[in-house]
Amino acid sequence: MSFRSVSLSWKLLLGVVPLMLVSLTISVILQNRFQEAEMMEQAQTSAHTYADLIRESLVSQMVYSQEIDTTYVERVNRIRHFDSLGVLANDLHLREELLDEDRRQALRTKVRPTPLQDSVQMDVFGAGQPAFLRSGDQFRAVIPFNATKVCQKCHAVPLDYTLGAADVRFSLARFTEATQGNWRRSVIIFVIFTVVAVSVAVLVFRRTVARPVERLVTATTAMQKGDLTVHASGSGHGRGTDELGVLADHFDEMRESLADKIASLDQVNRDLVRRNRDLEEAMGRLRRTQEELVRSERLAVTGKMAAQLSHEINNPIHNTRSLLESSLRRMGPDDRAHELISLAIEEVTRMATLTRQLLDVYRGSVSETAMAPVDLVALVHEMERAHQEAFASRNIHLSSVVSGSVLPVCGSRDKLKQVLLNLLLNARDAMPQGGTLVMGVRQDGERVEATVRDSGNGIAPEHLPKIFDAFFTTKSEVTGVGLGLAVTYGIIQQHNGTIDVRSTPGVGTEFTIRLPLARAGAGVMA
């Protein structure tokens, strides 16, 4: 785990605690160094004190008695404050004119220059400055006795001339033990203080830094995932007193404001979706109404024109057919013209059928229809029984499905039968290789829904808007004139119903008819 992946609180802790420990370590080391320096200063002071006592004693002896007690040094050595004491003497240059012959001779025998033993003593005698040395627990101080004005009374020497020196040596074991004790106490105090300081720092950082940062990170992560319910301030209320608390409060305010705005935006989006859906439904209804209006007007115009046309040509057709039939009866079966006249009668008959269909289109849009309750379930079963065998001969499986109980519809049984027949025949023609044909009936609220679904060739998308138009057909047979679905549409319009179609090329087609339920007092409908 790299340092970058460590949390912010631990980074702060790892940065502050080592700095604090280093500061404490330096302070302990400096404190002990100061104690050692103070110890050395005390040792030097003690050495100076002993040297001054010896010097003053020697001066007193010289001034008052003009004699030196040779046992003085031995008595001083008995003092246990130091290990050894040596009194060094230089060439004293006594003023012999102040002494008689006996005193001069006595001083010459008692006070002689002391041979210098090492370079330290030589340096002290040469420079006239004290020297302090330490080797382990041993301390040595060589302190010179420099001449003063008092000394010049007996000695013919200049001021600061080194008359002698005290070589003091004593052990620092007590001071070393005290220093080591100080070190041990310092280390113990340092360890205890470190443990306490780290523990307190951890608790303080955990409470004041780690937890607020963790809550802030948790709230940020939750917000990133879309959850706006997690509080960064922990309790969810109250004001922060430090920077992290203020940051958490501001974050919660931002989160609540964002949640409110998102809720408002969601509500606006829902309203917009609902309005768009209502608008799409309204546009769909308007489009269907427009299509139905255009189709109805087109059908009415076409029907009216077809009725006028059929009326004009129907009489000549009947007259022509009567003449042809009379001529055919006068001929024998073997007459060569018999076959030609028979063909002419068939064509005239087809023309009569066409004019009748044209007239049906017109009548279906303007003629009054007697309405009565019609059991659509029974009508579907009747159509199934009547055509099942004929469809089976063309490898088409005809069946019906009724969902639940279905109430009667208001309509004309004959015309609804014609509607179903037209749809069945269209489905048959769409399945030249055979297939499946299913008629279904179910009640949907105040309407009854009838479906005719086949597994035929389907209808191309560009043809779907035109299939209810008169004279529109995709059939290749000469018998298809494109009036069956136009008549069907007109009949359904007369019944205050709707007819829709869904088709997928290569999969099949489904026609859906919706008719209102029969009401009491249903009668003639125009």
Side-chain angles (χ1 to χ4, degrees), residues 5 7-9 206-296 403-407 409 440-451 453 461-462 464-465 492-493 496-504 507 509-517 519:
S5 61
S7 64
L8 177 61
S9 59
R206 182 64 181 170
R207 181 177 181 84
T208 62
V209 178
R211 290 180 182 174
V213 170
E214 288 176 0
R215 287 195 296 267
L216 189 59
V217 170
T218 302
T220 305
T221 304
M223 177 180 289
Q224 184 181 8
K225 295 179 179 179
D227 185 5
L228 299 178
T229 61
V230 180
H231 295 272
S233 57
S235 60
H237 55 80
R239 306 299 298 177
T241 57
D242 56 6
E243 290 82 355
L244 288 176
V246 172
L247 178 61
D249 291 336
H250 289 172
F251 180 86
D252 285 338
E253 292 175 359
M254 179 186 67
R255 175 187 54 77
E256 293 174 358
S257 176
L258 181 61
D260 293 339
K261 291 181 179 179
I262 290 177
S264 300
L265 183 60
D266 289 341
Q267 182 62 39
V268 171
N269 289 335
R270 286 192 295 269
D271 294 341
L272 184 60
V273 169
R274 179 178 54 79
R275 292 178 182 178
N276 288 338
R277 185 170 59 251
D278 295 341
L279 181 60
E280 289 177 357
E281 293 177 355
M283 291 296 293
R285 290 192 298 268
L286 179 60
R287 185 172 55 255
R288 288 192 297 271
T289 302
Q290 290 176 341
E291 292 175 354
E292 292 175 359
L293 180 60
V294 171
R295 190 177 295 119
S296 298
S403 301
S405 60
V406 180
L407 296 177
V409 298
V441 182
R442 73 181 187 93
Q443 184 172 332
D444 183 14
E446 296 297 319
R447 287 179 173 266
V448 175
E449 186 178 281
T451 58
R453 184 177 67 253
E462 63 271 16
L464 282 175
I492 297 301
Q493 288 291 309
N496 292 327
T498 61
I499 180 169
D500 298 319
V501 59
R502 292 185 303 175
S503 182
T504 303
V507 177
T509 303
E510 181 180 35
F511 285 88
T512 302
I513 300 171
R514 295 178 180 86
L515 298 172
L517 295 176
R519 299 296 182 185

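These figures come from a predicted structure and were not determined experimentally.
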Using 0.5 Å steps for rounding, measure from the CG atom of Asp271 to the CG atom of Asp266. 11.0 Å
Listed partners of Glu446 passing salt bridge (charged side-chain N to carboxylate O under 4.0 Å, His left out), at least two apart: Arg519
For Glu280, give me all partners under side chain to side chain contact (heavy atoms under 4.5 Å, CB included), at least two apart in sequence or on another chain. none
Closest approach of Thr509 to Ser503 (non-hydrogen atoms, all atoms of both residues): OG1-OG, 2.8 Å
Check: Val448 and Leu407 side chains under 4.5 Å, non-hydrogen atoms: no
Could I get the full list of side chain to side chain donor-acceptor pair (under 3.5 Å) partners for Arg270, not counting sequence neighbours? Gln267
Gap separating the OG1 atom of Thr512 from the CZ atom of Arg502, nearest 0.5 angstrom: 6.0 Å
Partners passing side chain to side chain contact (heavy atoms under 4.5 Å, CB included) against Arg447 (at least two apart in sequence or in another chain): Arg514, Pro516
List in chain and number order the residues that pass side chain to side chain contact (heavy atoms under 4.5 Å, CB included) with Ala222, two or more places apart in sequence or in another chain; answer none if no residue qualifies. Asp227, Val230
Taking all atoms of both residues into account, what is the closest heavy-atom pair of Arg442 and Ser403, and its distance? CB-CB, 3.8 Å
Check whether any side-chain N or O of Ser257 sits under 3.5 Å from a backbone N or O of Glu253 as a donor-acceptor pair, and report yes or no. no
Applying side chain to side chain contact (heavy atoms under 4.5 Å, CB included), can you list everything that pairs with Asp278, at least two apart in sequence or on another chain? Arg274, Glu281
Glu462 side, atom CD; Leu464 side, atom CG - distance, nearest 0.5 Å: 8.5 Å
With a 4.5 Å heavy-atom cut-off, do Ile492 and Leu515 have their side chains touching? yes
Any residue meeting side chain to side chain donor-acceptor pair (under 3.5 Å) with Thr451, in chain and number order, not counting sequence neighbours: none
